[in-house]
Structures are given as structure tokens and as C-alpha cells.
Amino acid sequence: MKKLINDSNDIISEMLEGIVSAYPDSMRQVEGTTCIVRKDAPVKNKVAVVSGGGSGHEPAHAGFVGKGMLDAAVAGEVFTSPTPDQVLEGIKATDDGSGVLLVIKNYTGDVMNYEMAAELAESEGINVEQVVVNDDVAVEDSSFTTGRRGVAGTVFVHKLAGAKAEAGGSLAEVKGVADNVIANVRSMGVALSPCIMPTTGEPGFELAEDEVEMGVGIHGEPGIETKKLTSADDIAEELTENVLPELELNASDEVAVMVNGMGATPEMELYVFNRKVQTILADKGIKVHETIVGEYMTSLEMAGCSLTVLKLDDELKELLDAPSKAPAFRK
Amino acid sequence: MKKLINDSNDIISEMLEGIVSAYPDSMRQVEGTTCIVRKDAPVKNKVAVVSGGGSGHEPAHAGFVGKGMLDAAVAGEVFTSPTPDQVLEGIKATDDGSGVLLVIKNYTGDVMNYEMAAELAESEGINVEQVVVNDDVAVEDSSFTTGRRGVAGTVFVHKLAGAKAEAGGSLAEVKGVADNVIANVRSMGVALSPCIMPTTGEPGFELAEDEVEMGVGIHGEPGIETKKLTSADDIAEELTENVLPELELNASDEVAVMVNGMGATPEMELYVFNRKVQTILADKGIKVHETIVGEYMTSLEMAGCSLTVLKLDDELKELLDAPSKAPAFRK
Amino acid sequence: MKLNATQAVNWMIKTNEKIQKQSDYLSQLDRDIGDGDHGINMARGFQAVEDTLSNEEFAEVSDVLKKTATTIMSKVGGAAGPLYGTAFQKMAMTSKGTEVDSETFSNMVEAAVEGLKQRGKSEEGEKTMIDVWSPLHDALKETSEFDGEKIREIAHSSMESTKDMVATKGRAAYLKERSKGHLDPGSVSSYYVFEALSETLEKG
Amino acid sequence: MKLNATQAVNWMIKTNEKIQKQSDYLSQLDRDIGDGDHGINMARGFQAVEDTLSNEEFAEVSDVLKKTATTIMSKVGGAAGPLYGTAFQKMAMTSKGTEVDSETFSNMVEAAVEGLKQRGKSEEGEKTMIDVWSPLHDALKETSEFDGEKIREIAHSSMESTKDMVATKGRAAYLKERSKGHLDPGSVSSYYVFEALSETLEKG
Ligand SMILES: Nc1ncnc2c1ncn2[C@@H]1O[C@H](COP(=O)(O)OP(=O)(O)O)[C@@H](O)[C@H]1O
Ligand SMILES: Nc1ncnc2c1ncn2[C@@H]1O[C@H](COP(=O)(O)OP(=O)(O)O)[C@@H](O)[C@H]1O
Ligand SMILES: [Mg+2]
Ligand SMILES: [Mg+2]
Ligand SMILES: [Mg+2]
Ligand SMILES: [Mg+2]
């Protein structure tokens, strides 16, 4: 394991200090916690949008803190959901009485910890709503299982719910937007090489020189299927064909596309991949309102990418276009 | 070699298509060339800022094309300067008669190819000025050698010269700003692992599991010194101590800081690194006007980072703060 | 045979010893079918438990377990944090104000199982730590003896039984059939908890 | 002995053959002290040269070299593109309208050396391709024979002499003392150019 770190035990606290010291005018760390909040939190007469999760997904989630997006990001250990007390701190630091929306990625740990935090917050009289993002089509969805994972589509939930909150939406309205995004966003990922956990120095899975892992999540865990690496176009086609069907798009429908780098894949390759995605969408007559290419929801230094497609309606389009001051999602 | 590509011979053209298809509202490719220009080029009554270089540095340079930054980015093969005829196309597509500033990174190949392009453009009656960025303090500077390399500091030249051009500056004024930035910007980089050339599938250098390459450039070539990897703090200290002296900063001077990921290093580590940089600057009483952390001038999937410090005066500060619509540098 | 507060502290210290020693093994198990952090999570949490318990005096078992629960809850995170936190919290509530004999302990484990199911929205047979806790309760309610070795044996065989299961909850569920053939990491750490209890009871 | 237009085309085709065959070797040399692309750059450029020359008729050597120059200029990029482009351009200009005998060829190489120095802002002894072109001119101006084998020998020993030099220009310059002990890639590719010429002259 070769990492630009000091002691792996200090990695989260040092990262958080490094983030806050980069953007001292727009964010601050709630003292003694792993919460990064807008400098001006709690914002008067505004619903707060709070998210977070395990670390190792940078710029998620702290990079999305800022006017027009998140009010707070709560950081857990690497790939480990933050604990309820930390989430509670994020809630308390951002609620001005207008209520708080928790945006949770659908992983057992995250769901349980946030649920407990919500219980604690409600017992302190704070109005809390939760949404659980489950955009990953690689995982089978059934009421008897854990259900789908929440992956890069979460970034759209942050952006659009954040924009609604900034526009003065009520807690119910902000949650409504988040629900709408969740219902209309689908993703799937592929890995070319695993990431290395800083704590153990071990890779999450092994891949031969000519193999890819289809349907990976964002925690270094193995994916759904190991296959031969053929070409960027083949992979783009496979991901697109998996992501699109449930959105039931008709020609003339508008979408937003995110090609998200998992960490180590050069942007050059993301664009080669994007080329094919855009061709497929164009062939189907689907109109792309906006394309976002870059690293948004990473998995440390995993190589690979994910494709996210969000079906837009007029309100979602407007919210996507709205300004954002979050350092990792400026608009 | 494991890359998300199709045929390595098509990688540049497919990447360019992928970029343009991501931002069809703001850029276009000049047909039959490797030039990406602002959609509205040539912009009326505006000096054009044209840059480019070898590919493999994404988002540099095409990601910086947009209102307030570059008018054109000319792409060469991977790590190979574009040819004079391509640079000429970029110049011709963006000049409206107000003149063109070429921003060149100080590599023999780039300097020669751009020089020849400038000669060709002048022979066609276009007013062209050139600046050569040489911010890399790792390399000795002497009139008997090739001189210092141009690395991540180039992004500040793009931003500030671009802002000056957008503000209506004359060619001399835009060049003046670029010269001012070049005189006041210094960088140095470190690699934890090499990148793999897509054409040959070979790494540019070898590093043992416990070694780092200090003073690397951005083309996969070896650096100045191979050392043991100690800690992020040690490396941050070494880079900072090398970058600062020539800027002759006094307490109360203001700077902009860029912590630039080389490709594969997780953002988490960039922030751990940034933490130490900020501490050192704060201890010296140097005021940081803005910090930028992320991938701006990469070297494919090299692991590592570079530190760039730009000393600001009032004009540079204002130009840095000015809006930019470039997808990789939104303000 | 009864468990007193001092023994309860020893139980937790012994658990921590085992977890520290097996941290890499637990992470390796989690790497096979999860995200590879279970050992790290548990080691961080139980070290904090030992540190906190060592610095305080406790009147009864319930107090020890309560302190354990809150410490785990704020130190572990992930799935294991809320689950172990809930299990110890339920055991603390059930043992409040009473001596911990075989019957009380059976009730404590019953409450823990209830808590786990509720918190994890899960059942037996889904290849989770419930597959250690629940069979243990089944065995405990059949006997009035507080038999450490028996507890260890049942926890051990239950833990082993998770190997053949297909996960439908937790991260391992994403692997579906591929999760078969691997032990569930949370069941293995749960086994250490009961192995530590067994040793504590046997030492008296 | 003179070089005619057909031979000049053959010279370039032979050069391309060698470059294609040695492309990996050239890139390996460039990897040692540069950025590892010299073979790729040259292979791309000279393939284009062969493709263009094969499709046209040429009246004189100058025309062949001019086409070669412009093709290299627009296909190679990097440092080698402008340098080789300039060298061939200068040779084309110097040979315009004349037969290419030993004296003319000496003048052509002289002009190429001048061009390389100006374009590269460099001199002999800086571990660049100039260290093959310049000694070759020194030798050519001393003789009135157009001797292929002699040209090959001098190009070869000059190329080898770059091994002990310390680079002060080009990418290798960043390595300073570390550049010693490695052949300069551009000098090796220049050797292939003259080896190809030598073979062309010998075949007649
Ligand atoms: N829904 C659930 N119900 C009960 N136990 C669960 C559930 N999900 C996970 N677990 C247990 O938690 C363990 C994983 O814990 P850990 O690795 O620390 O958390 P994470 O899965 O968040 O990384 C699993 O081995 C399993 O025993
Ligand atoms: N300033 C210079 N003057 C003369 N020749 C040079 C100069 N710089 C580089 N060269 C030659 O160019 C060769 C490198 O070419 P190449 O690898 O294709 O370009 P790049 O260095 O841009 O990657 C060197 O080996 C050297 O012979
Ligand atoms: Mg985890
Ligand atoms: Mg090169
Ligand atoms: Mg785990
Ligand atoms: Mg080279």
C-alpha cells in the first residue's frame, strides 16, 4: 500500500481539516465532530439538506457542501457509515427550525445509523425527513433483500434537493424533489482495478490483467460479475442498456447524464466512454440536457467508472440548472 | 495495461468527440482538426487565448475552454505537442482580428511547434503573441539548458489571461497578465507511481513499494530524485519549502494555492496533503486568497500530486475571482 | 451460577482481546463477501469499550452493558455499530435491577435478538449475526444452567452454519449465490463475544 | 555517384522500414531519459511519409524531401517533428534544382545542421540528434566521394558517442547527470536515416 498519508488512524480527521482549510470562507467543521457544514449554518428560514456516509468517496460528500447544495456532510471512517451521534451533530448544526432532510445511500449501515440519528433528533423536537437513494441497477431489487445500493445518483439528489431548499421549499417539498429524483435516477458501475483500504492495505477484490468487474459498488466490494475487458464501447453499451430500461424513456424525453470516475481512471478514458454513451442516447432520440463527466462519487483509487442517467421533468431541469457554490459542483 | 479504451490509435479523436459531446452548448471541434474551441469562436472584439499540448493531462486543456478562460485547446498525441498546422487551425478559428495569445508550456517540443505555428499565423497576417510557462522549480533554470518545465501553474495562466481577455484587454494587456502570472507562479510535483503510456503499455519509470519520485513532470518521465516515502506531511513540507523561496513572500502577502492530483491519487490524500500546506503557510503569516484542490493538470493515471503557489496582486486577485464557464474550472 | 458486574467488565475486556487478535481475520472474511472493514470496525469499537470500562466502577451488569452499548454505537459505525449497539442496549435494559442468572440471561439474549431483527429488518437464515444470537437463545430457553461451555459450543456451531447460507441482508446480499461458502463476518465476531463470555463464566 | 528522385523515395521507404522495426527500441531509449514516445512519434510520422510518397511522382530529390518535411511536420509533433521537419526542409531547399552529388549532399547536411541548431536553440555536445548530423557534415565536407558505408560508419560512431554525454537540451536535460550512460533516442533514429541512405546508395 502506497498512500500520501501520515498515520492511517488520523486519515479522516486530517482530511477534514484539509477540506475546511481549503474553503474557509464557505465551510466549517463542527467542533469535535466529523461534520462539515456551511459556514453560515444554520441558514435562516431554509430547510437543511444533510448527507454523508463512509469516507473514501471524495469529493462526496464534503465537496458538495455549499449554497445551493448540502448544508452538512457527515464523514464516517473509510467506507463505514458515520455513527448516529455524529449525524445528530450535523442535524443540530444546520436546523434553524425549518426541518432537515437526510439523504441516505441504501446500505444497511447507513440506513440504520441515520435512522437512529433521526430518532434522536426527533426526540429533541427537530423535524426530520429521510430519503434513501437506491439507484444501482446492478443489484436486484426485492422487498426480501437489502435492495439496491445507492451510488453516484446520490449526487443528483444532493444537487436538486439542495436547490429546492435554497429556493425556499418546505421540508415536504424538498423531500418531494428528492423522492422524484430517486424515482428517476439509475446507475451502474464497472471496475478495472480494485481500491486499497488504507486501514488494512488490502485490495477489496482481485482482477486478472484482462478482466473487469461489472456492477461494482463504491466500497471496494466485488461486483456482480467478472468478465473479460473488451472495449470502452462495449462496456458503455452494456452499462447504458442496463441503466435505461426502467426509466422508460420516450424519444424527446430529456435526461441528465453523469459519467463518474471511480478514482484512478484518467479523464481521457471517461471521455472515450462518454462518446459512446452519447451516441447511443442520440440514436434513441433521447435529448441530453446536461452531461457531467468527472469524479463525483469515488471509491478511493479504484479504476473504473459509473454511468448515471436522470430523467428530467421541468422542475428537475430548473433545479439542476440552479446555481451551486459547492466546491465540487459549481454552477 | 488495462484501459477503458477502444483502439489506442483512436484514443485522441474519440476523447475529443467525447468532450465535445459532453458540452455541445459551449464548445465545438474545428472540423478535421484536434482543436476544441468555444462554440461562439471567434468572439467579437476579444483577444483569443489559445493553449494546448500533448494529451493525457485532462482536464487540461480542453476542459478549460469556455467563457472567461481559453478560446481554443489544441490536442496532440499522448504527451506529444500538437503539430504547427493544428495549432494554426486553433489560432485561425478563434482570431477575430483582435489578436491571439499562445500559452505554451516550456517543453522543447511545445515551444518549437507553437513557434512554427506563430510564424505561419503571422505570415497570414494574424497578430500573435506567445508566453512560455516555466513554473516547475524542480528543474534548474539556466540560459544554457532547456530551462524549467511548465506544469500545473499553466492553469492559472489560462484562467487569469482568459479573464483579462474576457474583460476586453488588448493583446498586450492580456500578454502582460500572462507574464505577470508566469513571473509569480511556482510549482513542484511528486509521484507515488508512474503512468502507463496507452501506445506502448509501458510505465515511464519504476518505483519500489516504499519509494516516491520527487520533482516529476507531467509526462510520465522520471523526476529529479527517488526517495523513501515517509509521510504526506514530510512531502508537503518539502514541496512547500522548494516552491516558496523564489516568490519572496512577506507576511501579509496573498497567494492562491493549487493542490493538483496527478491522476490516481484519491482526493482524500490531496486534502491530507493540503492540510499541511495550509499549516505551513499560516505559520509564515501568508494569507491564502483561494485554494484549489483537485485534478487540473494530470499525467494519465500517475499517482501523486503537485503544489502550485501563485503570488497575487490586486489585478491578479480580481482576475482569479472573475467568472469562468470552462467545465473544469467553473467560477 | 451468576454473572456479576466485575465479570461483565471482564467479559468485555476478554471480547476486546479476541477481537484485536482476530481483527485481520475478520476483515479478511468481510473482504470475501463485504467491504473488508469488519475487523477494523470491531477493533476500533471494542478498544474504546475496554478503555471506557477500565476507568469506571459499575454497580450492576446492566450498567456495564449500557456503557458498552453507547460506546459501540458512537465508535463502530457501519452495520455492526447499530446492531451490536442495539443488542447490548437491549441486554442492558432487560438486566436492569436484577441478578444475571441463566433465566435472566436467556431473556437478555431474547431481547437482543428482537432488537437485532428490528434494527436490521432481518430474520434468521439471512446469513447475519442473528444466525448466532437466535439459535443461542433457542438453546438458552431450554435449560436452567448457566453453562459457559454449552454457550460457546452453540455459538460456534451456529457461526459455522452461516457458511452454507446465501446472504439476503447486508452487503453480502449483493453477491447472492456467490456469498455461499464463506463465513459471515458478523457471526464470527458474535462468536468471539460468546466465547469470551464462556471463558469468563468458567474462570468464575 | 549521385542520388536521384527514385532513390530518394527509396531512402525514405527504407528509413520507414527501420523506424517501424525499431519503434519499440526507440521508445524504450526515450523511456530511459525522456517520455517514452520517440518510437511512436517517428513510426507515425514516417509511415505517413511512406504513404504519401508512394502515391506521387517526383521530378527531383528536392521535391521528395519537401514532401517528407511537410508530412513529418504535420504528423510527428513533440520535439522530433519540428526538428526532423526543419532538417528535411533545409535539405530540400539546398538541393532545389540541382543534382545531388557528394558536394550538394554536404551542403544539404550543413543546412540541416544550421536549421536544427536554430530550431532547437542548441549546439553540438548537448546529447541531441545534432550530435549525429553535425559530425556527419564535418566528415562530408572533407571528401568528394558519396560513400554510403562511410556515411553509415560516421553516423554510427556519432550516435554511440551520445551515450557518454550529459543532456542539456530536450527532455533528457531534466535528468542532468542521470542522463549519462544512455543513448539519445533522436540520435539513434537519425542513425537509421543515414543507415537507410547508405543502403540506398549501395544498392545503386
Ligand atoms: N440487516 C442486517 N441484519 C442483521 N445483521 C446484519 C445486517 N446487515 C449486516 N449485518 C451484519 O453486519 C456484518 C457486517 O458488519 P460491518 O462489516 O462492520 O459493516 P458494513 O457492512 O457496513 O461494512 C455482517 O457480517 C452481518 O453479520
Ligand atoms: N533542443 C533540441 N535540439 C535538438 N534536438 C533536440 C532538442 N530537444 C530534443 N531533441 C531531440 O529530440 C529527441 C526527442 O524526440 P521525441 O521523444 O520525439 O520528442 P519529445 O521530447 O517531445 O517527447 C531527443 O532524443 C533529441 O535527439
Ligand atoms: Mg463498511
Ligand atoms: Mg513526447
Ligand atoms: Mg464491512
Ligand atoms: Mg519523447
Side-chain angles (χ1 to χ4, degrees), chain A residues 2-7 11 14-19 21-24 55-56 58-59 63 78 190 192-193 195 198 209-210 212 229 231-233 235 257 259 263-276 278-279 282 291-295 298 300-301 303-305 327-328 330-331, chain B residues 2-7 11 14-19 21-23 55-56 58-59 63 78 190 192-193 195 198 209-210 212 229 231-233 235 257 259 263-276 278-279 282 288 291-295 298 300-301 303-305 327-328 330-331:
Chain A
K2 208 169 181 182
K3 291 187 185 274
L4 196 61
I5 60 174
N6 298 303
D7 186 328
I11 195 168
E14 293 188 348
M15 170 185 77
L16 294 173
E17 281 179 44
I19 294 174
S21 66
Y23 315 112
S55 295
E58 291 66 34
V78 175
V190 60
L192 274 70
S193 71
C195 55
E209 189 48 40
D210 61 345
V212 295
L229 169 58
S231 67
D233 282 1
I235 291 179
V257 172
V259 174
T265 288
E267 224 174 77
M268 171 183 276
E269 299 174 30
L270 300 182
Y271 281 111
V272 169
F273 176 93
N274 177 58
R275 173 185 160 275
K276 183 66 178 178
Q278 299 291 336
T279 312
T291 301
I292 295 163
V293 180
E295 295 182 357
T298 63
L300 292 174
E301 70 280 80
C305 70
R330 290 213 171 109
K331 291 218 74 164
Chain B
K2 207 169 183 181
K3 293 189 183 272
L4 197 59
I5 60 176
N6 300 302
D7 187 327
I11 194 168
E14 293 188 347
M15 170 186 77
L16 294 173
E17 281 179 45
I19 293 174
S21 66
Y23 316 111
S55 294
E58 290 68 32
V78 175
V190 61
L192 274 70
S193 71
C195 56
E209 189 48 41
D210 61 344
V212 295
L229 169 58
S231 68
D233 282 1
I235 290 178
V257 172
V259 174
T265 288
E267 225 175 76
M268 172 182 276
E269 300 175 29
L270 299 182
Y271 281 112
V272 169
F273 176 93
N274 177 57
R275 173 185 160 275
K276 182 66 179 179
Q278 299 291 336
T279 311
V288 179
T291 301
I292 295 162
V293 180
E295 295 182 357
T298 62
L300 293 173
E301 70 280 81
C305 69
R330 291 212 170 109
K331 291 217 74 165

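With a 4.5 Å cut-off on non-hydrogen atoms, B/Cys195 does not touch chain A at all. Heavy atoms of B/Leu16 lying under 4.5 Å from chain A are absent altogether. Heavy atoms of A/Gln278 lying under 4.5 Å from chain B belong exclusively to its side chain. Only the side chain of B/Val78 comes within less than 4.5 Å of a heavy atom of chain A; its backbone N, CA, C and O stay farther away. Using a 4.5 Å cut-off between heavy atoms, B/Glu301 contacts chain A through both its backbone and its side chain. In this structure, the portions of B/Ser21 lying under 4.5 Å from any heavy atom of chain A include both its backbone and its side chain. Both the backbone and the side chain of B/Ser55 come within less than 4.5 Å of a heavy atom in chain A. In this structure, chain B has heavy atoms under 4.5 Å from both the backbone and the side chain of A/Ile11.
When A/Pro59, A/Gly56, A/Gly263 are compared by the number of non-hydrogen pairs under 4.5 Å with chain B, A/Pro59 comes out ahead. For chain B, the option among A/Gly63, A/Ala232, A/Ser193 with the highest count of heavy-atom pairs below 4.5 Å is A/Ala232. Of the listed residues (B/Arg330, B/Lys331, B/Lys276), the one with the most heavy-atom contacts under 4.5 Å to chain A is B/Arg330.
A side chain to side chain contact (heavy atoms under 4.5 Å, CB included) with B/Val272 is found for exactly one of A/Ile19, A/Leu4, A/Asn6, namely A/Asn6.
Taking CD of B/Glu58 as the start and CE of A/Met268 as the end, the distance is 4.5 Å to the nearest 0.5 Å. Rounding to the nearest 0.5 angstrom, the gap separating the CD atom in A/Glu295 from the CD atom in B/Glu295 is 4.5 Å. For the atom pair CZ (B/Arg275) and CD (A/Glu17), the distance works out to 4.5 Å, reported to the nearest 0.5 Å.
Put simply, the side chain of B/Leu229 reaches to within 4.5 Å of the side chain of A/Lys2, judged on heavy atoms.
Of all heavy-atom pairs spanning A/Leu300 and B/Pro266, the tightest one is C-CG, 3.8 Å. Minimum heavy-atom separation, A/Ala22 to B/Thr291: O-CB, 3.4 Å. Heavy atoms only, all atoms of each residue included: B/Asn274 and A/Gly18 are closest at ND2-O, 2.7 Å.
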